[in-house]
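What follows is a single structure, written as structure tokens, with notes after it.
For the numbers below, each heavy atom of this structure counts, side chains included, while hydrogens, waters and symmetry mates do not. Labels below follow one simple rule: chain letters A, B, ... track the order of the sequence lines, proteins then strands, and each chain is numbered from 1.
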Amino acid sequence: MAAGPAPEARLLMDKQTFLDNFSNLDYPRKTYLCYEVELLVGENSIPLDEYKGFLHNKGAAMGLEHRHAELILLERLASWNLDMELRYRITCFTSWSPCPDCADELVNFLRANGHVYLRIFAARIYDRFPGYEAGLRALNAAGAEVAMMTLQEFEYCWNNFVDHQQDEDKPFPPLDNLVARSEELSQRLEGILQNQED
DNA sequence: ATTTTCAAT
């Protein structure tokens with residue numbers, strides 16, 4: 001077998017895939033999720049690059065199982081067998097915020113794994129199903145940070161998860177209205193999280 | 001200028 005890439009070489013996301021799926025001005029019918037893990041040691045955090053990557057939901061090809069992105073993340077997490085004696089922070093950048101069911105699953109995971117802290121930055125609010133607000137609040141109440149992606153997170157993802165070999169493509173191309181839309185969504189999310197409906 | 005949402009609310 002030919003020598004493969006070094007173990008630390010990770011697959012990066014195609015530029016256009018990122019732009020198409022993380023744009024907060026569109027409504028793609030799939031979800032991408034970038035994730036990274038840090039080990040928390042005292043006041044410090046150590047990036048664990050072997051647990052850095054991205055995934056997307058498993059679609060609906062006839063008869064095949066479909067699965068939301070968050071559930072795939074939880075499967076990967078389980079496979080890593082993170083040390084229960086240590087503390088970790090998982091940061092996700094997801095193109096759609098978690099649906100109510102996925103929010104429940106994440107809450108269950110957090111309850112069972114007190115050594116894992118979770119941060120979720122979403123490009124858009126997935127408000128298709130009733131209960132999405134309560135789901136986001138439940139996540140928040142379970143200790144997860146839930147926020148919208150701002151320009152800072154878009155740039156971070158671009159620099160850390162996206163393949164832009166050519167120099168001319170290096171800086172994140174600021175999409176029209178992306179920042180304004182992000183601010184709008186952040187205000188809306190803040191309202192959702194502060195609401196005490198349930 | 002528009003559109004609408006990880007198949008199946």
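Using a cutoff of 4.0 Å between basic side-chain nitrogens and carboxylate oxygens, A:E50 and A:K52 are not scored as salt-bridged. The pair A:D127-A:R188 meets the salt-bridge criterion, with a side-chain N (NZ, NE, NH1 or NH2) lying under 4.0 Å from an Asp/Glu carboxylate O.
The stretch residues 90-102 of chain A touches DNA chain B through A:W96, A:S97, A:P98, A:C99, each having a heavy atom under 4.0 angstrom from the strand. Looking at residues 143-154 of chain A, you'll see that no heavy atom sits under 4.0 Å from any atom of DNA chain B.
Remark: A:N21 CG to A:S95 OG distance equals 5.5 Å, nearest 0.5 Å. To the nearest 0.5 Å, the span separating CZ on A:F22 from CG on A:L178 amounts to 12.0 Å. In this structure, CG on A:D83 lies 9.0 Å from CG on A:L39, to the nearest 0.5 angstrom.
The side chain of A:R29 contributes no N or O atom lying less than 4.0 Å from OP1 or OP2 of B:dT4. Between A:Y27 and the phosphate of B:dT3, there is no side-chain N or O to OP1/OP2 separation shorter than 4.0 Å.
Separation of the C1' atoms belonging to B:dT4 and B:dT9 is 16 Å when rounded to the nearest angstrom. Look at the P atom in both B:dA1 and B:dT5: the space between them is 22 Å, to the nearest Å. For the C1' atom pair drawn from B:dC6 and B:dT2, the interatomic distance equals 24 Å after rounding to whole Å.
Under the 4.5 angstrom side-chain criterion for Ile, Leu, Val, Met, Phe, Trp and Tyr, A:L25 has no cluster partners at all.
As rounded to whole Å, 14 Å separates atom P of B:dT5 from atom CG of A:N57. Straight-line distance from the NE2 atom of A:H56 to the P atom of B:dA7: 11 Å, rounded to whole Å. A:I125 places its CD1 atom 18 Å from the P atom of B:dT4, with the value rounded to the nearest Å. Rounded to a whole Å, the CG atom of A:D26 is 14 Å from the C1' atom of B:dA1. The CG-P distance, from A:N177 to B:dT3, rounds to 14 Å in whole Å. Straight-line distance from the CG atom of A:L73 to the C1' atom of B:dC6: 14 Å, rounded to whole Å. Following rounding to the nearest Å, A:R128 (CZ) and B:dC6 (P) show an atom-to-atom distance of 5 Å. Rounded to whole Å, the distance from NZ on A:K30 to C1' on B:dA7 is 14 Å.
In summary, the aromatic rings of A:W96 and A:F129 are positioned with their centroids too far apart to meet the 6.0 Å limit.
For the 3.5 Å distance criterion, the side chains of A:E38 and A:Y51 fail to qualify, holding no donor opposite an acceptor.
Screening A:I192, A:V146, A:L185, A:L136 against A:S97 for a side-chain contact (heavy atoms from CB on, under 4.5 Å) leaves a single residue, A:L136.
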